[in-house]
Amino acid sequence: MAEESNNIKVPVVPPSEARGSLPLLERVKVEGDALRGTIVESLHDELTGAMKEEDTLLMKFHGMYLQDDRDRREERAEKKLERLFSFMIRLRMAGGILTSEQWIALNDIAGKDSTDELKITTRQTIQLHGVYKSRLKPTHKIFNQVHLDTISACGDVNRNVTCSPNPKQSPLHEEIFAYADKISKLLKPKTRAYYEIWLDEEKIVDKKLEEDSLYKDAYLPRKFKIGICIPPNNDIDVFGNDLGLIAIIENNKLVGFNFAIGGGLAFTFGNPDTYARLATEIGFVEAGEKTFKAIYEVVTVQRDYGDRVDRKQARIKYTIDKMGVDKFKTEVEKRMDFKFQQSKPYIFNKREDYYGWEKDVNGNWYYTLFVENGRVLDTEQISIKSALKKIAETEKVKFRLTANQKVIVSDVSPKDKKEINDILEEYKIIEHTNNASALRKNSMACVALPTCPLALAESQRYFPSLLSKIETLLAKYDLSGENIITRMTGCPNGCGRSSVSEIGFIGTGLGKYNLHLGGDHEGYRLNKLYKESLDEAAILSELDILFGEFKKERNQNEKFGDYTFKKLFN
Ligand code: SRM
Ligand code: SF4
């Protein structure tokens with residue numbers, strides 16, 4: 001099962017007779033005919049809304065998760081009906097940018113075949129929920145018409161590449177932004193399975209045409225995430241990525257990137273061998289071809305050394321901790337044939353989005369609006385979905401998604417600004433954005449119930465009401481202006497990145513959350529567990545005390561995260 005190399009255990013994919021001992025997914029990857037499996041047959045099986053288990057696993061590599069409506073499980077079981085199966089579809093969208101045409105297409109699919117909601121994710125893409133099996137192919141065909149796809153949005157491959165989205169960050173924004181797209185293409189699997197299954201492309205006969213020197217036939221041991229940030233704003237949480245790239249600008253020129261490896265935010269309750277970890281900086285690489293080579297080889301080292309036996313230990317953070325950062329780095333350097341230079345200095349001083357209107361160096365305008373937990377939908381209070389559709393119909397804008405689950409109406413030329421602003425006013429989006437408190441503007445929650453099968457507690461459906469109560473507490477101490485980064489997840493997998501917040505809630509069971517405190521405002525430091533399994537009353541009572549003490553004891557301009565870290569954990 002393992003080879004010795006430099007005293008490091010190297011798990012390898014064993015021959016077929018020994019593969020029985022590997023997790024099912026590891027076998028399916030190798031034996032699944034380059035991600036085809038029997039997906040086509042499963043799609044035609046009208047007796048169930050689900051798929052064969054192996055195909056369900058392979059579907060992830062095509063950007064889809066089989067889910068069921070957990071709110072309706074009981075009712076369906078009573079009626080002796082199968083669970084209400086449907087699919088979540090996640091798009092591949094490096095850096096989270098969409099044309100008006102693409103926005104309209106997604107808006108319309110959401111209305112017709114999904115839950116009427118566009119969910120902006122924490123990795124700058126869009127998910128649609130509730131798509132029935134029979135509607136999958138038509139949906140992919142529409143995506144294709146507007147040059148979108150879902151390839152490797154999920155699965156053991158490189159996922160959606162994130163990038164600081166707002167041109168306010170730097171005059172070099174577009175140059176840096178282009179790296180996200182190039183990385184996404186560089187690390188995209190070569191198999192034509194997606195095109196054959198979903199777009200009816202002719203079946204490939206010469207398998208050599210889809211040989212994949214990066215993923216070979218076993219893909220990666222686990223998901224892999226890359227994010228690019230442009231200091232001074234760490235708005236993509238660069239250290240939460242398997243590979244984080246920090247753009248270094250000198251004399252108004254992009255000179256290269258500091259590389260940080262080994263970020264990952266998930267852990268499992270009761271399994272002390274699992275933990276959240278921030279990425280470690282290993283050095284600087286020049287912009288251009290050297291950067292791409294270095295990225296590629298970081299991925300190949302994880303491919304070859306990552307644990308393929310225990311999925312709980314398969315992320316790069318564990319590979320690095322087992323090998324040691326220096327050995328991992330040396331192995332990358334050996335493969336890329338040059339060395340990392342010493343990391344270059346940079347500073348982060350914020351992590352939040354720039355709300356409202358901002359202008360880029362070319363004079364174009366950008367409006368960032370508040371979208372609570374990334375849920376673009378029409379409610380009784382506010383019709384964000386209709387407003388954005390009307391804006392898209394002008395065909396005078398693009399849309400950029402932030403890694404904080406927000407939307408930027410972007411690339412608005414000065415002559416069109418009034419027309420767009422009028423629509424934002426008409427739908428009360430500006431008022432809605434201005435009225436959101438600093439706390440709410442800096443908050444995020446993961447999807448959780450009713451679609452996420454791993455959720456232990458509510459998250460995006462509950463968080464808004466909890467925040468209202470926390471806002472009342474902050475007002476009590478005259479702290480309403482504090483932009484405390486507050487995040488919730490429905491389980492410890494960390495999809496809403498609650499481990500890198502100043503106040504983090506992690507669901508432990510229905511109505512119960514662990515309270516984590518002491519993370520910093522800029523995302524350099526993980527928070528720590530403060531109290532376990534609190535219900536709402538207990539959460540509010542803890543925060544009431546802490547806000548009161550913070551008000552009295554804080555140093556000038558001290559952030560809540562730094563204050564609690566010093567007070568509770570130092
Ligand atoms: Fe996540 C699994 C939602 C960002 C760590 N994540 C899931 C699944 C697919 C549940 C499942 O496996 O069946 C969730 C689907 C819920 C649903 O109904 O839609 C899910 N993750 C999300 C999203 C949509 C949360 C959101 O509300 O925005 C985010 C989609 C990102 C994207 O567009 O690609 C999302 N997930 C993250 C992040 C944050 C990030 O990447 O910046 C993390 C923590 C960072 C990390 O990867 O360490 C994250 N998701 C996980 C994990 C834990 C992985 C691990 O190392 O153990 C799982 C579970 C797994 O992979 O086994 C998971
Ligand atoms: Fe689901 Fe847990 Fe991720 Fe939330 S953090 S979406 S509950 S896996």
Side-chain angles (χ1 to χ4, degrees), residues 1-2 8-13 22-26 28-29 57 60-61 65 90 121-123 152-162 183 187 189 214-216 218-227 236-245 259-282 294-329 331-332 403 446 452 454 489 491-500 506 523 526:
M1 266 310 268
I8 301 156
K9 294 261 185 215
V10 186
V12 294
V13 181
L22 286 178
L24 177 63
L25 179 51
E26 226 26 69
V28 169
K29 281 189 276 186
L57 295 173
K60 296 187 186 180
F61 292 78
Y65 283 78
R90 188 183 285 166
T121 76
T122 52
R123 293 195 70 78
S152 71
C154 322
D156 292 346
V157 280
N158 176 56
R159 300 285 187 94
N160 204 43
V161 182
T162 58
I183 296 166
L187 304 179
L214 174 62
Y215 293 117
K216 300 188 184 283
Y219 298 84
L220 299 180
R222 202 70 164 87
K223 58 175 74 166
F224 196 90
K225 298 180 175 180
I226 301 178
I236 61 133
D237 272 315
V238 71
F239 300 117
N241 285 273
D242 296 80
L243 169 56
L245 302 171
F259 275 53
I261 56 169
L265 302 178
F267 63 95
T268 305
F269 288 137
N271 182 345
D273 294 336
T274 63
Y275 45 83
R277 183 190 193 281
L278 293 181
T280 313
E281 275 187 59
I282 54 167
I295 292 167
Y296 189 89
E297 298 304 355
V298 169
V299 178
T300 67
V301 175
Q302 161 63 1
R303 175 197 68 199
D304 297 342
Y305 287 80
D307 192 331
R308 289 184 184 265
V309 177
D310 181 358
R311 285 185 66 75
K312 291 268 176 219
Q313 291 292 309
R315 291 294 291 273
I316 193 176
K317 60 183 171 180
Y318 302 115
T319 316
I320 287 171
D321 283 347
K322 282 173 197 162
M323 282 176 85
V325 174
D326 288 344
K327 277 199 175 133
F328 193 102
K329 178 176 163 182
E331 183 61 32
V332 176
C446 72
C452 178
L454 309 177
T489 56
C491 85
N493 279 323
C495 302
R497 294 196 292 272
S498 36
S499 305
V500 269
I506 298 184
L526 290 171

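Looking at Asp307 and Lys322, their side chains come closer than 4.5 Å, going by heavy atoms from C-beta outward. Asp310 has its side chain out of reach of Asp273: every pair of non-hydrogen atoms, C-beta onward, lies at least 4.5 Å apart. Contact annotation: the side chain of Pro492 approaches that of Ile506 to within less than 4.5 Å [non-hydrogen atoms, C-beta and beyond]. The shortest distance between side-chain heavy atoms of Arg311 and Leu25 falls below 4.5 Å. Two residues are said to be in side-chain contact when any heavy atoms from C-beta on lie closer than 4.5 Å; Glu281 and Phe239 meet this criterion. Side-chain contact check for Pro189 versus Phe61: every heavy-atom pair is 4.5 Å or farther apart. Arg159 places none of its side-chain heavy atoms less than 4.5 Å from the side chain of Ser152. Looking at Ile282 and Val332, their side chains never come closer than 4.5 Å, going by heavy atoms from C-beta outward.
Listed here is the closest heavy atom pair of Thr122 and Gly496: CG2-CA, 4.1 Å. The two residues Leu265 and Ala276 have their closest heavy-atom pair at O-CB, 3.5 Å. Minimum heavy-atom separation, Gly227 to Val238: O-CG2, 3.8 Å. Nearest heavy atoms, Lys60 versus Cys154: O-CB, 3.0 Å. Nearest heavy-atom pair across Pro272 and Gly270 is CD-O, 3.5 Å. Of all non-hydrogen atoms in Asp242 and Arg315, the two that sit nearest each other are OD1-NH2, 2.8 Å.
Arg308 and Asp156 are not joined by a salt bridge, as no carboxylate oxygen comes within less than 4.0 angstrom of a charged side-chain nitrogen.
The distance from the SG atom of Cys446 to the CZ atom of Arg497 is 12.0 Å, given to the nearest 0.5 Å. The structure places OH of Tyr318 at 8.5 Å from NZ of Lys312, a figure rounded to the nearest 0.5 Å. Atom-to-atom distance recorded for Met323:CE and Lys329:NZ is 13.5 Å, nearest 0.5 angstrom. Summarising the geometry, atom CG belonging to Leu454 is positioned 11.5 Å from atom OG1 belonging to Thr489; distances are rounded to the nearest 0.5 Å. Here the CZ atom belonging to Arg90 is positioned 9.5 Å from the CZ atom belonging to Arg123, to the nearest 0.5 angstrom. Annotation: the span from Asn160 atom CG to Ile226 atom CD1 amounts to 11.0 Å, rounded to 0.5 Å.
Using the six-membered ring where Trp is involved, Tyr219 and Tyr215 have ring planes that are parallel, under 30° apart on the 30 and 60° scheme.
Side chain to side chain, Asp321 and Tyr275 meet the donor-acceptor criterion of an N or O pair below 3.5 Å.
Contacts of Lys317 classified as salt bridge (charged side-chain N to carboxylate O under 4.0 Å, His left out), with partners at least two apart in sequence or in another chain: none.
Put simply, the side chain of Asn271 never gets that close to the backbone of Phe267: no donor and acceptor are under 3.5 Å apart. Using a distance-only test at 3.5 Å, with no hydrogens or angles considered, no donor-acceptor pair links the side chain of Thr319 to the main chain of Tyr305.
When each of Asn158, Ile183, Ile261 is paired with Leu243, the side chain to side chain contact (heavy atoms under 4.5 Å, CB included) condition holds for Ile261 and for no other.
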Inset, instruction - Any chance you could lay out the side chain to side chain contact (heavy atoms under 4.5 Å, CB included) test for Phe224 and Val157, step after step, and finish with the verdict? - result: CA-CA 6 Å; Phe224 196 90; Val157 280; over 6 Å; no
Inset, instruction - Mind running side chain to side chain contact (heavy atoms under 4.5 Å, CB included) on Val298 and Ile316 for me, showing each step along the way? - result: CA-CA 10 Å; Val298 169; Ile316 193 176; 4.1 Å; yes
